[in-house]
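Both backbone and side-chain heavy atoms feed into the values below; hydrogens, waters and symmetry mates do not. Order of listing sets the numbers, starting from 1, for every ligand and every atom in it.
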Amino acid sequence: MKFAMIGAGAMGLRYGILLQEAGNDVTFIDTWQPNIDKIHAQGGAYVSRDHQDRHLVPIKLETPETYHGDPDMLIFFTKQMQLAGFLKRCEHFFNDKQYVFTCMNGMGHIEKLQQYFANDKIIAGTALIATVLNGPGDVDFMGKRGAGKMNMANLTEKPDEMTHRLFDELEKAQMHPTLTTNFKGTLMTKVIFNSVINTLCTMFEIPMGELGNFDKAYDLGRQLIDEAYDICERAGITLVSSRDEEMHALDINTRIDMPLHYPSMYQDMIHDRPTEVDYINGYIAKLGREHNYEAKTHIFLTNLVHLAEYHRANE
Ligand code: NAD
């Protein structure tokens with residue numbers, strides 16, 4: 001299959017390189033000049049696994065302006081606040097036969113994709129696949145080969161032939177996809193998961209295991225989960241896990257699966273980039289307001305993360 005990977009950061013490089021190794025034709029498209037210059041100078045991206053076996057993988061990388069290909073599928077891995085800018089710069093190579101796929105965190109991206117693509121061409125999902133960009137052209141795939149898993153669903157909730165082709169390629173790339181027919185519930189379940197782990201670990205600049213092993217971790221998580229689940233119930237969104245299952249997943253993920261990992265929101269904070277908190281806790285609060293529910297804890301946390309960003313900017 002012919003892919004354009006839009007955003008060649010941590011996740012773009014991971015998905016794109018694994019899809020390329022599974023036999024697909026992948027072109028990366030990026031706008032961050034230090035990354036573009038480094039990848040062109042090196043002839044590819046350096047890839048490690050858990051800081052080991054660092055090696056160069058040749059890749060094709062273009063800017064939106066130099067790319068004139070016609071991919072079957074465009075995969076978006078930008079940060080939420082970058083997406084509108086990428087879409088505008090890439091618009092010249094979009095056409096109505098192409099499909100789009102993304103596993104970006106947070107919510108806000110689907111409406112932006114709908115401005116350029118028909119609903120039956122949009123597939124989105126969630127990724128529990130930890131990846132760190134050490135710097136321009138240098139990515140660390142956390143975990144052993146085949147580590148992590150992901151969910152995907154069609155916006156129309158009707159998987160078609162292209163959805164199954166994408167699923168097969170992701171499976172060959174050892175991404176362990178699960179195909180669901182609950183679009184909003186699949187995405188929101190991960191937003192809620194991130195609203196606990198990403199936000200709390202980022203605010204305190206701690207690895208996930210430190211949150212999981214804290215004796216009040218359950219209480220902190222439960223308050224956020226209860227608020228978010230109450231809102232989703234009012235909004236008519238059927239989440240893919242129960243409250244107790246989500247609490248269990250938070251516990252296992254932080255304490256057992258990835259205790260040493262810092263979530264992607266933390267990577268932004270330490271590099272003095274804006275975080276995606278407005279699209280995670282902020283989105284839950286916005287959804288609450290639309291359904292006459294004041295998500296006090298999510299609003300408070302969103303403001304605290306902005307305070308941490310403000311503090312770093314003024315240091
Ligand atoms: P990323 O920040 O690594 O890359 C996204 C874009 O930002 C790329 O275009 C990249 O070139 C650019 N970029 C990277 N560092 C930059 C810097 N210092 N200054 C300016 N531009 C820079 O983002 P990502 O981790 O690939 O995340 C993409 C999406 O996937 C996000 O929505 C994220 O929340 C989600 N996600 C990430 C992970 C993870 O472990 N990294 C896991 C699941 C979901």
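Using a 4.0 Å cut-off to heavy atoms of Gly9, the atoms of ligand 1 that qualify are 3 (O), 4 (O), 8 (C), 10 (C), 26 (O). Residue contact check: Asn35 has heavy atoms under 4.0 Å from atoms 11 (O) of ligand 1. Contact atoms of ligand 1 toward Ala130: 40 (O) (distance under 4.0 Å to a heavy atom of the residue). Atoms of ligand 1 found under 4.0 Å from any heavy atom of Gln82 (numbered from 1 in listed order, with element): 5 (C), 6 (C), 7 (O), 12 (C). Taking every non-hydrogen atom of Ala127 and a distance limit under 4.0 Å, the qualifying atoms of ligand 1 come out as 43 (C).
When Arg273, Lys79, His109, Met11 are ranked by how near their heavy atoms come to atom 12 (C) of ligand 1, first place goes to Arg273. When the options Leu133, Thr275, Ile129 are ranked by their closest heavy atom to atom 42 (C) of ligand 1, first place goes to Ile129. Across the listed options Met142, Glu276, Met104, Glu276 owns the non-hydrogen atom lying nearest to atom 33 (C) of ligand 1. Looking at Ala10, Gly148, Ser264, it is Ala10 that brings a heavy atom closest to atom 3 (O) of ligand 1.
Of the protein's non-hydrogen atoms, Phe77 CD2, 3.6 Å is the one closest to atom 30 (O) of ligand 1. Nearest protein heavy-atom contact of atom 36 (N) of ligand 1 is Asn105 ND2, 3.5 Å. Given atom 9 (O) of ligand 1, the protein heavy atom at minimum distance is Asp30 OD1, 2.4 Å. In this structure, atom 29 (C) of ligand 1 lies nearest to the protein heavy atom Thr78 O, 3.4 Å. If you check which protein heavy atom lies closest to atom 40 (O) of ligand 1, you get Thr131 N, 2.9 Å.
Relative orientation of the His92 and His68 rings is tilted, given thresholds of 30° and 60° on the angle between their planes.
Rounded to the nearest 0.5 Å, atoms CZ (Phe28) and NZ (Lys60) are 10.0 Å apart. Summarising the geometry, atom OH belonging to Tyr229 is positioned 11.5 Å from atom CD1 belonging to Ile237; distances are rounded to the nearest 0.5 Å.
For Phe94 and Phe117, the gap between ring centers is short of 6.0 Å.
In this structure, Phe86 has a heavy atom closer than 4.0 Å to ligand 1.
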- Message: Apply salt bridge (charged side-chain N to carboxylate O under 4.0 Å, His left out) to residues Arg222 and Asp244 and explain how you reach the verdict.
- Response: CA-CA 9 Å; Arg222 189 77 207 201; Asp244 287 342; 2.8 Å; yes
- Message: side chain to side chain contact (heavy atoms under 4.5 Å, CB included), that's the test. Do Leu13 and Ile59 meet it? Break it down for me.
- Response: CA-CA 9 Å; Leu13 286 171; Ile59 62 169; 3.8 Å; yes
- Query: Which is it for Lys2 and Met73 under the side chain to side chain contact (heavy atoms under 4.5 Å, CB included) test, yes or no, and what are the steps along the way?
  - Reply: CA-CA 7 Å; Lys2 194 168 174 184; Met73 176 132 342; over 6 Å; no
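Contacts with ligand 1 closer than 4.0 Å are made by no heavy atom of Thr31, backbone or side chain. Counting heavy atoms closer than 4.0 Å to ligand 1, residue Trp32 contributes side-chain atoms (C-beta onward) but none from N, CA, C or O.
Shown here for Ser195 and Leu224, the closest heavy-atom pair between the two residues is O-CD1, 4.0 Å. Smallest separation of non-hydrogen atoms from Tyr293 and Ile231: CD2-CG1, 3.5 Å.
The shortest N or O to N or O distance between Gln80 and ligand 1 is not below 3.5 Å. Of the polar atoms of His261, none of the N or O atoms is found under 3.5 Å from an N or O of ligand 1, judged by distance alone.
In this structure, Arg49 forms no cation-pi arrangement with Phe141, as its terminal cationic atom is not both closer than 6.0 Å to the ring centre and no more than 45° off the ring axis.
More than 12 heavy-atom neighbours from other residues, nucleotides or ligands sit within 6.0 angstrom of NE2 on His40. Heavy-atom neighbours of Glu161 CD from other residues, nucleotides or ligands within 6.0 Å: at or below the threshold of 12.
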